[in-house]
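Everything below concerns the one structure shown next.
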Amino acid sequence: MRIIGQIEHPEFKISIFRMDHRTSVKIENADYEQIYKLGDDARFQNPENIRKLLDAGLLDHIARIFRDMHQQKLAALMKLFPPETEESFETII
């Protein structure tokens, strides 16, 4: 697999990969990543078409998925490691 391009974005790192005529796009933020496999579709041999695919609507959806991924991770962590309850002490004057 080799990187054939990157797309500049203020919030995400977007990399375009090719392996054996198959193209995929990886979108990363600080903690998570999403990979979209585009297959061997000749329309995606050109990185410019991939830039067009990643329009504002799709990138907004990707951002929502990242937020959902984070919420799911937090919920799983809370389930596995519930917060410790603080012991209450009498107030001493």
Side-chain angles (χ1 to χ4, degrees):
M1 184 176 295
R2 62 187 172 97
I3 297 176
I4 62 166
Q6 294 193 333
I7 298 173
E8 294 296 322
H9 189 273
E11 188 177 348
F12 308 131
K13 178 181 179 185
I14 304 174
S15 304
I16 305 168
F17 295 91
R18 181 155 311 125
M19 182 174 79
D20 298 330
H21 303 290
R22 292 180 306 226
T23 304
S24 59
V25 179
K26 180 165 70 169
I27 299 101
E28 303 173 72
N29 71 5
D31 298 315
Y32 307 99
E33 63 183 42
Q34 297 177 49
I35 297 176
Y36 292 81
K37 295 181 179 182
L38 304 173
D40 60 357
D41 190 325
R43 295 173 292 183
F44 296 117
Q45 299 291 321
N46 177 354
E48 186 56 36
N49 286 341
I50 296 170
R51 283 183 182 84
K52 291 176 185 176
L53 175 70
L54 296 173
D55 65 3
L58 182 56
L59 289 171
D60 286 345
H61 183 71
I62 288 168
R64 283 193 304 276
I65 291 171
F66 279 136
R67 287 190 294 274
D68 289 345
M69 291 169 77
H70 185 67
Q71 290 301 318
Q72 292 298 317
K73 177 184 171 184
L74 292 178
L77 288 171
M78 291 294 286
K79 184 178 175 182
L80 183 60
F81 305 110
E84 296 179 16
T85 57
E86 293 185 27
E87 296 179 23
S88 56
F89 294 100
E90 292 181 35
T91 306
I92 300 176
I93 302 179

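As a basis for the values below, the full set of heavy atoms in this structure was taken, side chains included, without hydrogen atoms, waters or symmetry mates.
A tilted orientation is assigned to the rings of F66 and F12, their planes being inclined by 30° to 60°.
For the residue pair D55 and L58, the shortest heavy atom distance occurs at OD1-N, 2.9 Å. For H9 against I14, the heavy-atom pair with the smallest separation is CB-CD1, 3.9 Å. E33 approaches M69 most closely through the heavy-atom pair O-CE, 3.9 Å.
Using modelled atom types and a 3.5 Å distance limit, the side chains of H70 and R67 yield no donor-acceptor pair.
To the nearest 0.5 Å, the span separating NZ on K52 from CZ on R43 amounts to 12.5 Å. Between atom OG1 of residue T23 and atom NZ of residue K37 there is a gap of 12.5 Å, rounded to the nearest 0.5 Å. Separating the CZ atom in R18 from the CZ atom in F44 is a distance of 11.5 Å, to the nearest 0.5 Å. Note that the CG atom of D20 and the CG atom of D40 stand 10.5 Å from one another [nearest 0.5 Å]. The line from OG of S24 to CD1 of I50 is 8.5 Å long, rounded to the nearest 0.5 Å. Distance check, rounded to the nearest 0.5 Å: NZ of K13 to CD of E8 gives 10.5 Å.
A single hydrophobic cluster is seen to contain both L53 and I4, as judged by linkage of ILVMFWY side chains at heavy-atom distances under 4.5 Å, directly or through other members. Hydrophobic clustering keeps I35 apart from I65 (ILVMFWY residues linked when any side-chain heavy atoms are closer than 4.5 Å, directly or through intermediates). Clustering ILVMFWY residues whenever any of their side-chain heavy atoms sit less than 4.5 angstrom apart, transitively, puts F81 in a cluster other than the one holding M78. The cluster map of Ile, Leu, Val, Met, Phe, Trp and Tyr, joined by side-chain heavy atoms under 4.5 Å apart, puts F17 and L38 in different clusters.
Between Q34 and I62, some side-chain heavy-atom pair lies under the 4.5 Å cut-off.
When the shell of 6.0 Å around CD of E48 is examined, it contains more than 12 heavy atoms from other residues, nucleotides or ligands.
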Kindly indicate, with the supporting measurements, whether the criterion side chain to side chain contact (heavy atoms under 4.5 Å, CB included) is fulfilled by L54 and Y36. CA-CA 11 Å; L54 296 173; Y36 292 81; 5.9 Å; no
